[in-house]
**Student:** 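The structure follows.
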There are 2 protein chains.
Amino acid sequence: MSEFIGTVGGGYDAKKGRISVPSLFRSQIAGPGALEIILRRSRHKRCIEVWPKADYMAEVDARVEGLSKLSAEYQSVMRKLVGKIHTLTLDPDGRVVMPKELAEHAGFEGELQFSGRGAYFEIWNAAAFAEEEARLDAEDEGGDV
Amino acid sequence: MSEFIGTVGGGYDAKKGRISVPSLFRSQIAGPGALEIILRRSRHKRCIEVWPKADYMAEVDARVEGLSKLSAEYQSVMRKLVGKIHTLTLDPDGRVVMPKELAEHAGFEGELQFSGRGAYFEIWNAAAFAEEEARLDAEDEGGDV
DNA sequence: TGGGATAGCACGGGATTTCGTGGGACCACA
DNA sequence: TGTGGTCCCACGAAATCCCGTGCTATCCCA
């Protein structure tokens, strides 16, 4: 199981729409053969989620386990979890071209932040990330974490 | 399970941002292969917490056991426990380069103090540590510890 | 019990490799 | 022949490794 840990900065090559996956995370993208990743836009946040393909598909399988493929729930889950995602392969330098739809959703330009979430990691516009962290940390004030 | 016991002094190489993990604690950082540690800033104190990676991740795993990786709670827990930490590997001399963010939070310069807390240990600016100890000891006056 | 040899540890400074990044070449397809 | 996508190469910066050195604590033996 992959472990995406910590947060690092990086740049967005607006000219080519290209990002370089930080070495820290690249080494965690396992899998047979080429390094395949799943990208999807976060539903409620202005960021992109990145998963190793095999891990993501395992989560989907777990989610629909036991359901008939003809059932309405199977169809609904699949529409949301696999209908809207992008599959990309890292190039030899560990970079990928970000689909425009995703780059726009997350407001990519200039500086980015890559933040580990264990099984996956998120990519943020650096300024938006700082705002969001400050907001959530303030909410948590007084917690025992 | 590791046992970090006692308090020892050490230095901070400001030029390279490097610290040498005291031999007393180094021998307690177990794990397969390379010696990996987790660093995180203490939420309420001006110090850095250091954990053996395996032990820290075991705590995290226990916290999210049974949760779907697609759930909001998994995401929230991981943001706090995994997104904000740093993974470092001891170099052949038992040293690590302290991330700037952490060195600043704890005010590292000149002399440091490494203080065991059982499962982990803390790193303090030596002067700040002395202050904090004096303050807490005064509070405890009359206690039976 | 004192003194000298030895090993381990902390520390400083270079040398080497890796990583991120920009730009250009090549190929497929239209 | 234009266009988009992928691959390849090269450069600068930064992280990593690898030495050598001095000090301190330990051990051994007289």
Side-chain angles (χ1 to χ4, degrees), chain A residues 4-29 33-37 39 48 50 53 86-104 108-116 121 123-126 129, chain B residues 4-29 33-39 48 50 53 85-104 108-116 121 123-126 129:
Chain A
F4 298 98
I5 298 174
T7 298
V8 296
Y12 178 63
D13 177 356
K15 190 168 182 178
K16 289 197 168 191
R18 196 168 49 172
I19 65 163
S20 180
V21 175
S23 144
L24 174 67
F25 292 162
R26 198 182 307 161
S27 61
Q28 294 296 320
I29 303 172
L35 301 184
E36 288 186 307
I37 56 177
L39 305 200
I48 304 304
V50 183
K53 181 175 178 182
H86 297 254
T87 304
L88 298 180
T89 303
L90 297 198
D91 78 7
D93 292 338
R95 293 188 281 193
V96 293
V97 175
M98 185 69 45
K100 278 199 186 63
E101 175 213 352
L102 300 182
E104 284 172 12
F108 286 172
E109 58 177 60
E111 295 295 310
L112 306 178
Q113 286 288 106
F114 299 78
S115 192
F121 65 94
I123 312 179
W124 289 75
N125 171 299
F129 180 77
Chain B
F4 299 98
I5 298 173
T7 299
V8 296
Y12 178 63
D13 177 356
K15 188 168 184 178
K16 287 199 166 189
R18 197 168 47 175
I19 65 162
S20 181
V21 175
S23 145
L24 174 66
F25 292 162
R26 199 183 306 163
S27 60
Q28 294 296 321
I29 302 171
L35 299 184
E36 291 185 305
I37 55 177
I38 295 290
L39 306 201
I48 305 304
V50 183
K53 179 177 175 182
I85 66 181
H86 296 255
T87 304
L88 299 180
T89 303
L90 298 199
D91 76 8
D93 293 337
R95 293 186 283 189
V96 293
V97 175
M98 184 69 44
K100 278 199 188 63
E101 175 211 351
L102 300 182
E104 283 172 12
F108 286 172
E109 56 178 60
E111 295 297 308
L112 306 177
Q113 287 285 83
F114 299 78
S115 192
F121 64 93
I123 312 180
W124 289 76
N125 171 300
F129 181 75

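Just so it is clear: chains get the letters A, B, ... in the order the sequence lines come, proteins before strands, and each one is counted from 1. Keep in mind that this is a model prediction, so the values were computed, not measured. Just so it is clear, the values below take in all heavy atoms, side chains as well, and ignore hydrogens, waters and symmetry mates.
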**Student:** Given atom NZ of A:Lys16 and atom C1' of D:dG4, what is their separation to the nearest angstrom?
**Tutor:** 10 Å

**Student:** Taking any heavy-atom pair under 4.0 Å as a contact, classify A:Gly94: base, sugar-phosphate, or nothing.
**Tutor:** nothing

**Student:** Specify the separation, in whole Å, of atom CG of B:Leu24 and atom P of D:dT24.
**Tutor:** 19 Å

**Student:** Which whole-number value in Å describes the distance from A:Ile19 CD1 to C:dC19 C1'?
**Tutor:** 15 Å

**Student:** Between A:Asn125 and A:Tyr12, is there a side-chain heavy-atom distance shorter than 4.5 Å?
**Tutor:** no

**Student:** I want to confirm an ordering. Mapping A:Asp93 and B:Val97 to their closest nucleotides on DNA chain D, which one lands closer to the 5' end?
**Tutor:** A:Asp93

**Student:** Using only modelled atom types and a 3.5 angstrom limit, is any donor from either the side chain of A:Arg18 or the base of D:dG5 paired with an acceptor on the other?
**Tutor:** no

**Student:** Heavy-atom distance under 4.5 Å between the side chains of A:Ile5 and A:Gln28, does that happen here?
**Tutor:** no

**Student:** Please give, in whole Å, the distance from D:dT16 P to B:Arg95 CZ?
**Tutor:**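 My rounded result for the distance is 13 Å.
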
**Student:** Between C:dG20 and A:Arg26, counting only base atoms on the nucleotide and side-chain atoms on the residue, is there a donor-acceptor pair under 3.5 Å?
**Tutor:** no

**Student:** In whole Å, I'd like the distance from the CD atom of B:Glu36 to the P atom of D:dT16.
**Tutor:**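 Roughly 12 Å, once rounded to whole Å.
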
**Student:** Find the distance B:Asp91:CG to C:dC11:P and express it as a whole number of Å.
**Tutor:**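 Atom CG in B:Asp91 sits about 13 Å away from atom P in C:dC11.
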
**Student:** Tell me: CZ of B:Phe114 to P of C:dA10, nearest whole Å?
**Tutor:** 9 Å

**Student:** Do A:Val8 and A:Ser23 come within less than 4.5 Å of each other through their side chains, counting heavy atoms only?
**Tutor:**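 No, too far: nothing below the 4.5 Å cut-off.
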
**Student:** Rounded to whole angstrom units, what separation is found between the NZ atom of A:Lys100 and the P atom of D:dT3?
**Tutor:**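 After rounding, the reported distance stands at 14 Å.
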
**Student:** Can you classify the ring geometry of B:Phe4 versus B:Phe25 as parallel (below 30°), tilted (30 to 60°) or perpendicular (above 60°)?
**Tutor:**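 Ring orientation of B:Phe4 relative to B:Phe25: perpendicular.
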
